[in-house]
Amino acid sequence: INHIENIYFFFFKQKTAYEMLRSLVGSEMCIRDSQQPQQEILNLRQQLTKQCCRVKTVISPNKKYIISASGFGSEFGSLKIFDLALNKEIFYKEKHHKKETSEIKVSPDSRFLVTGSFDGSMKIFDLNQRVQLRDIENAHQGRIHAMVISSDSSKVITGGSDGKIRVRSLPEGDLLYEIEHDPSISTMTLTISQGGKYLFAEKRRSIYVYDLETKSLFQKIYEAHNNDEIKFLKMTSDDKNLISVTLSEIKIWSLPNLELKHTFWNRTINSMISFAITSDNKYLITGSYDGQIGVWSLEQRQLVYSEAKTRHFDSVASLSISNDNKLLVTGSGDGTVILWDFNSEPSEELVEYTFENAHTDDVNSVTISKDNKYLISGSKDRSIKIWDVSSKKLLYTIENAHNDAVQSVTLSPDNTLLSSSSSDKSIKLWNFNKLLERIEASQNHLKNWLNLPSKMLIRN
């Protein structure tokens, strides 16, 4: 058996990412041979100095562009745009802003890129034409600390440390109107409703609702949570409810009036650090610092299922729900990954499968492919692992995928690209489709080998 396993591994193993990275020292962006499935097809890597500690990177909704902006250091304020279809960098500019880039947003239609800075400036870039359209020097008097683009890609909304919320047209960048905001709030997050009528701002324990049609503050709730800062604020996809979560409690607010509908609290579940809402808006899933899983019914307004720390023995920092809401996957600081059959009623005992010792360190990110065939996990141990959901078998391991902890893994809807980001300030794209082809070829090769006549396999 050991002999067979060794031969299987011989057909399967490829050059490690670490070996390849040794040849990339000093590189900014590199395209590697996509014929080698373990090699990344894109390594978007910043030339960092000791002073540079912040790099912002986003992928456009159509998965065509990767945009990266450096914080400070040798490439202070630089901007890079990489076209994945052309496999080349299409834009690079040093000193894109005079100070650090604080916000990067791509419009939902993937046409426009908007960046904001600590210096209060904002720039609009046409990704299709590859030209900068507007350079607005004084978009705010002070730092731009929040930005959101409307779902129809016609407006960009920014919040600044000057106490202003400003709404501008896209792509022109013309100021349409501004809304007075609390100037004492130096940082916040912005969320816009699907219909584009309401804007939600959150800061620590308070929630603000702005009516973008009347251009005014519609509702505000100071100290929406009394004990802790808001860690998670999200609207349900039908725009009917707003959910706010702290470490110890969950609140459901009706929209747009922000009337409190219900407060969830359970003395056995606290220190909630990871969250997800099912696409049908029925359940909120939480993972806790002490390893517990909670399933909260938004319709019944109660905790319908909880799993004490008998499955995960450390913090559950990552969880993901499949698109059809049938599967739930959780990753823990104990190195385990658990796949839950969420198709059954959550009030019952959820069927689960535990991938023991999936990683040797914290599991920071988990995701499920859109077709529910593959489970991807990324870990502090620097590896990325690909699992078969049906057979529960490990298909592939990318050892040393990054030079530091893997913080996130994301798979494109068509299973062609796997993206990963790391604490080493890099983001990588992997040719997932090619990788699957090689896995299948290796498995077929092994099957053919095992089907050889026994006299050809056995040696004295």
Report task. Check the pair T158 / M122 against side-chain contact (heavy atoms from CB on, under 4.5 Å), numbers first and verdict last. Result -> CA-CA 9 Å; T158 56; M122 184 174 75; 3.8 Å; yes
Query raised in the report: Step by step, would you call F125 with I67 a side-chain contact (heavy atoms from CB on, under 4.5 Å)?
Result: CA-CA 11 Å; F125 192 91; I67 301 97; over 6 Å; no
Report task. Could you check N364 against S318 for side-chain contact (heavy atoms from CB on, under 4.5 Å), going step by step and ending with a plain yes or no? Result -> CA-CA 6 Å; N364 292 329; S318 58; 6.0 Å; no
Report task. Evaluate the side-chain contact (heavy atoms from CB on, under 4.5 Å) criterion for residues I59 and L429: first the C-alpha distance (whole Å), next the side-chain angles of each, then the deciding distance (0.1 Å), finally the verdict. Result -> CA-CA 10 Å; I59 301 177; L429 284 186; 4.3 Å; yes
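For E299, there are no salt bridge (Lys or Arg N to Asp or Glu O under 4.0 Å) partners, not counting sequence neighbours. By the salt bridge (Lys or Arg N to Asp or Glu O under 4.0 Å) test, K261 pairs with no residue at all, sequence neighbours left out. Listed by chain and residue number, Y208, Y210, K220 satisfy the side chain to side chain contact (heavy atoms under 4.5 Å, CB included) test with L217 (two or more places apart in sequence, or in another chain). Taking S320 as the reference, V329, V366, T367 meet the side chain to side chain contact (heavy atoms under 4.5 Å, CB included) condition, with sequence neighbours excluded. Looking at residues two or more places apart in sequence or on another chain, you find no salt bridge (Lys or Arg N to Asp or Glu O under 4.0 Å) involving R111.
For the pair S244 and I207, the minimum side-chain heavy-atom distance is below 4.5 Å. In this structure, the side chains of L199 and F218 stay at 4.5 Å or more apart for every pair of heavy atoms.
Salt bridge R382/D361: absent, no basic N to carboxylate O contact under 4.0 Å.
Remark: the backbone N or O of N62 is paired with a side-chain donor or acceptor of S110 at under 3.5 angstrom. Checking side-chain atoms of K105 against main-chain N and O of I149 turns up no donor-acceptor pair under 3.5 Å. No donor-acceptor distance shorter than 3.5 angstrom exists from the side chain of S383 to the backbone of N400, with no hydrogens or angles considered. Formation of a donor-acceptor pair under 3.5 Å by the K251 side chain with backbone atoms of A224 is found in this model. A side-chain donor-acceptor contact under 3.5 Å links K385 to the backbone of A358. No donor-acceptor pair closer than 3.5 Å links the side chain of R166 to the backbone N or O of L175. Looking at S68, its side chain never comes within 3.5 Å of a backbone N or O of K80 through a donor-acceptor pair. Counting only distance, with no hydrogens or angles, the side chain of D280 and the backbone of K282 share a donor-acceptor pair below 3.5 Å.
Exactly one of V295, L327, T330 qualifies for a side-chain contact (heavy atoms from CB on, under 4.5 Å) with W340. That residue is T330.
Using cut-offs of 30° and 60° for the angle between ring planes, the F200 and Y198 rings count as tilted. Using the six-membered ring where Trp is involved, F355 and W387 have ring planes that are tilted, between 30° and 60° apart.
A side-chain donor-acceptor contact under 3.5 Å links N325 and S279. Looking at H145 and S161, their side chains never bring a donor and an acceptor atom within 3.5 Å of each other. The closest side-chain donor-acceptor pair between H96 and T101, if any, does not fall under 3.5 angstrom. Side chains of T336 and H312: a donor-acceptor N/O pair is present below 3.5 angstrom, by distance only. Judged purely by distance below 3.5 Å, without hydrogens or angles, the side chains of S421 and S408 pair a donor atom with an acceptor atom. A donor and an acceptor atom, one from each side chain of N281 and N241, are nowhere located under 3.5 Å apart. Between S423 and Q407, the side chains place a donor N or O and an acceptor N or O closer than 3.5 Å (distance only, hydrogens not considered). No side-chain N or O of S422 forms a donor-acceptor pair with one of N403 less than 3.5 Å apart.
Closest heavy-atom contact between T360 and D381: N-OD2, 3.1 Å. Nearest heavy-atom pair across L170 and S153 is CB-O, 3.6 Å. In plain terms, the two heavy atoms of L242 and M235 that are nearest each other are CD1-CG, 3.6 Å. The shortest non-hydrogen separation linking N128 to Y65 is OD1-OH, 3.5 Å. Of all heavy-atom pairs spanning V245 and H225, the tightest one is N-NE2, 4.4 Å. T278 approaches F342 most closely through the heavy-atom pair CG2-CE2, 3.9 Å.
Atom CG of L255 is separated from atom NZ of K240 by 11.0 Å, given to the nearest 0.5 angstrom. In this structure, D119 CG and E100 CD are separated by 10.5 Å, a value rounded to the nearest 0.5 Å. Atoms CG and CH2, on L260 and W253 in that order, are 4.5 Å from each other to the nearest 0.5 Å. Here the OG-CG distance, from S332 to L319, works out to 11.5 Å after rounding to the nearest 0.5 Å. Annotation: the span from I376 atom CD1 to I386 atom CD1 amounts to 4.5 Å, rounded to 0.5 Å. Taking CG of D290 as the start and CE of M272 as the end, the distance is 10.5 Å to the nearest 0.5 Å.
Sparse packing is recorded around NZ of K380, with 12 or fewer heavy atoms of other residues, nucleotides or ligands lying under 6.0 Å away. By the neighbour-count criterion of 12 heavy atoms within 6.0 Å, atom CD of E223 is densely surrounded, having more than that number from other residues, nucleotides or ligands. For K197, the NZ atom sits in a packed shell: over 12 heavy atoms of surrounding residues, nucleotides or ligands are nearer than 6.0 Å.
Residue pairs that meet the salt bridge (Lys or Arg N to Asp or Glu O under 4.0 Å) test with at least one member in residues 145-161, sequence neighbours left out, do not exist here.
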